Amino acid sequence: MSTEAIRMASLARRERQKAETRQAILDAARALFVEHGVAATTMRGIAAAIGYTPTAIYHHFRDKDALLLELCLTDFGTMARALHAIGTIADPIERLRQMAHAYVGFALANPQQYRLLFMTDLPDFPMPPGSSAPYPGEGAYRFLVDTVAEAVARQRLRPAFEDPSVLAQLLWSGVHGLATLWMTHGRDPLVQLHHPAQVVDAMCDALMTGALRPVPQEAPSA
């Protein structure tokens, strides 16, 4: 093997090790944030969880806020990709239903990420100067509100729901409740919850029935 090939192989190995270390830090931090809360989790505690020195952690992240911000941007990015294909659905009502399925699916497939994003008290993030990244979670929530606004514009909803943010929050509360109850009480023998993937359609029907504008009935032909 040539000297250049050896150098390139060594560089690739170092980059791979750096990426693996960074991912280990993120995974350990996520678990500790979820278990102990953000305020009680320290960089020293994260380092101890993976057998690194705090100095090694600071080579990758300048402080805990930077680490948490990257985690949230990454995890919300995962959720955004789950929602991306739904944007092609023409009917806003069906789009809302599929968003509910995608939300529950994300929670079930990524429980630690879901707990961090939606079941942990997160701080307000100071976005880095000049950053083009949206505020964590902004894109997903905006997608929900915009879809409800489209349904309002198409006169698919009763006038009581002319404020898109109201119905958006009702729908989010419902689907969040399904996922969260499953995570906190899914193994409770006294409750015996149905799997959220099995009841998400029923929840959508229950919430949307009261919001949808009645479909005009055609007069019977003579």
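These figures come from a predicted structure and were not determined experimentally. Note: hydrogens, waters and symmetry copies are ignored here, and every other heavy atom, side chains too, is used.
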In residues 34-48, what donor-acceptor pairs under 3.5 Å come from side-chain atoms, sequence neighbours left out?
unit_1, atom_1, unit_2, atom_2, d
Thr41, OG1, Leu32, O, 3.3
Thr41, OG1, Gly37, O, 2.8
Thr42, OG1, Gly45, N, 2.9

Problem - Under the salt bridge (Lys or Arg N to Asp or Glu O under 4.0 Å) test, residues paired with Glu150 that sit two or more places apart - result: Arg95, Arg154

So do the side chains of [X] and [Y] get within less than 4.5 Å of each other, counting heavy atoms only?
X      : Y     : value
Leu122 : Phe33 : no
Met99  : Leu96 : yes
Gln112 : Asp27 : no

For [X], check ring pair (Phe, Tyr, Trp, His ring centres under 6.0 Å) against everything at least two apart and list the hits.
X      : result
His195 : Trp182
Phe118 : Phe76, Tyr103, Tyr114
Tyr58  : none

Is a side-chain donor or acceptor of [X] paired with a backbone partner of [Y] at a separation under 3.5 angstrom?
X      : Y      : answer
Arg156 : Ala151 : no
Thr120 : Arg115 : yes
Arg158 : Gly210 : yes
Asn110 : Gln113 : no

Problem - Quiz item: cation-pi between Arg22 and Phe61, 6.0 Å / 45° - result: yes

[X] versus [Y], closest heavy-atom pair with distance:
X      : Y      : result
Ala197 : Val104 : N-CG1, 4.2 Å
Leu167 : Leu157 : CD2-CD1, 3.6 Å
Ile86  : Ala102 : CD1-CB, 3.5 Å

Using distance only, find each side-chain donor-acceptor pair of residues 78-85 under 3.5 Å and give its atom names and separation, not counting sequence neighbours.
unit_1, atom_1, unit_2, atom_2, d
Thr78, OG1, Thr74, O, 3.2
Thr78, OG1, Arg81, NH2, 3.2

Practice task
Scan side-chain atoms only and decide if Gln192 and Asp188 contain a donor-acceptor pair under the 3.5 Å cut-off.
Solution key: no

